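Right, one structure below, let's go through it.
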Amino acid sequence: MADTSMADASKADTSKADTSKAATMAAGPRPAAGAASAAPPRLPWRRMMALKGASFTAPFFIGFALFTLAPVLLALRESLYSKQSSGLGFGEKTVEFTGFDNFARGLEDAHFWAAMLRVALFAAVAIPTIMLLSLMMALLLDALSHRLAARFRVPLLIPYMIPGIVAILIWIYIYSPVVGPLTPFLALFGVDADFYSGEMIWISLGNLLAWSSVGFNMLIVYSALQAVPREIFDSARVDGASEWRIAWSIKVPLVRRSLVLITVLSIIGTLQIFSDPMLFRTMTPETVTRDFTPIMAIYDWAFQQGEFNYAAALSIILALVVGAASAVFYKLTNKAPV
């Protein structure tokens, strides 16, 4: 009996030892003391991928901070100061804090606001015309086959790919009444056109602006049209809708967001037009004056008259006007179907 009980006890101890050993092997080796606290926590895989994706935007934000945000803050700082002359004006000028005096002076500057009105009226005519041309060209391309449309896309985009200064010089040559081919050609039909006169200067600028931007806007709208499922148009045709009805009632509403986008970009660019009239001024200084556009007025105050502080205040005012105009247009028109 004693031998049997001892044998049973020995088997029980052996079973417990085997169970403990198996549990230890399943759990794996124990970490050294302090190793668990020293190991850094690993980020979840999704968060790591999100951070890697966000890192691709770093160059944009760095460039935006250096070349957009920093100049705006610097201009805002400079606009709060003015150069003051001591004595009778013969002494050395000193920079003094004047608060919002430059802004008050800018709000009362008749020449600056006259330039703003000129550009606003020009934009009110030029931008709708350019948008209409871009939309018509995009609709025509969309109606063609993919192979045929591909042959027209690149030629229509070439004017946009030409550098702006080069394009302006080309059109200055074309408009020239002395060496340009356009004036003698129109004279054959009895048309005496002076593209640098006060009556024609805005038409000349508008033609140049349309020539350089219609191709880009057309490509944006055409890309939006290509993203629309073709089944929608096929269903409309089965229901008896004409191509004109499909274009006006289906295609145009579906690309409204793209139209709003390019219109906002056009508003921002047109209200800040500078290089075109500045180079045109070399041909007709009596028509294109030094304050012909708001940016030209700011340039004149800064680099011709040396009043950088006042020019900075005018640039802030112009930025606020452009931002307000763009925001109002976006709010009123961004109602495209989802």
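Each residue takes its place number in the sequence, starting with 1. What you see is a predicted model, and the numbers here were worked out from it, not measured in a lab.
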Nearest heavy atoms of [X] and [Y], plus distance in Å:
X    : Y    : result
L66  : P71  : O-CD, 3.4 Å
L225 : A138 : CD1-O, 3.7 Å
R105 : E307 : NH1-OE1, 2.9 Å
L156 : M137 : CD2-CE, 3.4 Å
A313 : F103 : O-CE2, 3.8 Å
T293 : P277 : CG2-CG, 3.9 Å

Heavy-atom check, side chain of [X] versus side chain of [Y], under 4.5 Å:
X    : Y    : result
L318 : M116 : yes
M296 : V288 : yes
T270 : L209 : yes
F280 : I168 : yes
D194 : M200 : no
I127 : F329 : no
S266 : N217 : yes
N102 : S82  : yes

Pairwise distance [atom1]([X]) to [atom2]([Y]) - rounded to 0.5 angstrom:
X    : Y    : atom1 : atom2 : answer
R153 : L219 : CZ    : CG    : 7.5 Å
T68  : L73  : OG1   : CG    : 10.5 Å
D300 : Q305 : CG    : CD    : 4.5 Å
I201 : D276 : CD1   : CG    : 10.0 Å
S79  : Y310 : OG    : OH    : 12.0 Å
S235 : R230 : OG    : CZ    : 12.5 Å

Worked check of side chain to side chain contact (heavy atoms under 4.5 Å, CB included) between L133 and M218 | CA-CA 8 Å; L133 290 174; M218 175 273 301; over 6 Å; no

Do the rings of Y160 and F216 sit parallel, tilted or perpendicular, given the 30° and 60° boundaries?
->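 Taking F216 first and then Y160, their aromatic rings lie parallel (interplane angle under 30°).
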
Taking the six-membered ring for Trp, are F303 and F308 parallel (under 30°), tilted (30 to 60°) or perpendicular (over 60°)?
->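 Rings of F303 and F308: perpendicular, over 60°.
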
ILVMFWY cluster, [X] and [Y] together (side-chain gap under 4.5 Å):
X    : Y    : result
W248 : L135 : no
W202 : L121 : no
I62  : L51  : no
I268 : F64  : no
F274 : W211 : yes

Test item: [X] side-chain N/O and [Y] main-chain N/O as donor-acceptor pair under 3.5 Å:
X    : Y    : value
S249 : I246 : no
W113 : G106 : yes
S176 : I172 : no
N309 : L80  : no
T284 : Y196 : yes
Y175 : S204 : yes
S326 : G323 : no

If you draw a 6.0 Å radius around [atom1] in [X], do more than 12 non-hydrogen atoms from other residues or ligands fall strictly inside?
X    : atom1 : result
D192 : CG    : no
F67  : CZ    : no
M49  : CE    : yes
R281 : CZ    : yes

Flag the pair F185 / F189 as yes when their ring centroid distance falls below 6.0 Å, and as no otherwise.
->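 Centroid distance F185-F189: below 6.0 Å, so yes.
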
When you measure from the centre of the six-membered ring of F233, is the NZ or CZ of R237 under 6.0 Å away and within 45° of the axis?
->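 Here R237 fails the 6.0 Å and 45° test against F233.
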
Is there a side chain to side chain contact (heavy atoms under 4.5 Å, CB included) between D291 and F112 once you walk through the steps?
-> CA-CA 7 Å; D291 55 1; F112 176 76; over 6 Å; no

After noting the C-alpha distance and the side-chain angles of I250 and L254, does the key distance pass the side chain to side chain contact (heavy atoms under 4.5 Å, CB included) rule?
-> CA-CA 6 Å; I250 299 178; L254 290 177; 3.9 Å; yes

Between I170 and Y173, is a side chain to side chain contact (heavy atoms under 4.5 Å, CB included) present by the stated rule, with each step listed?
-> CA-CA 5 Å; I170 291 174; Y173 165 76; 5.8 Å; no

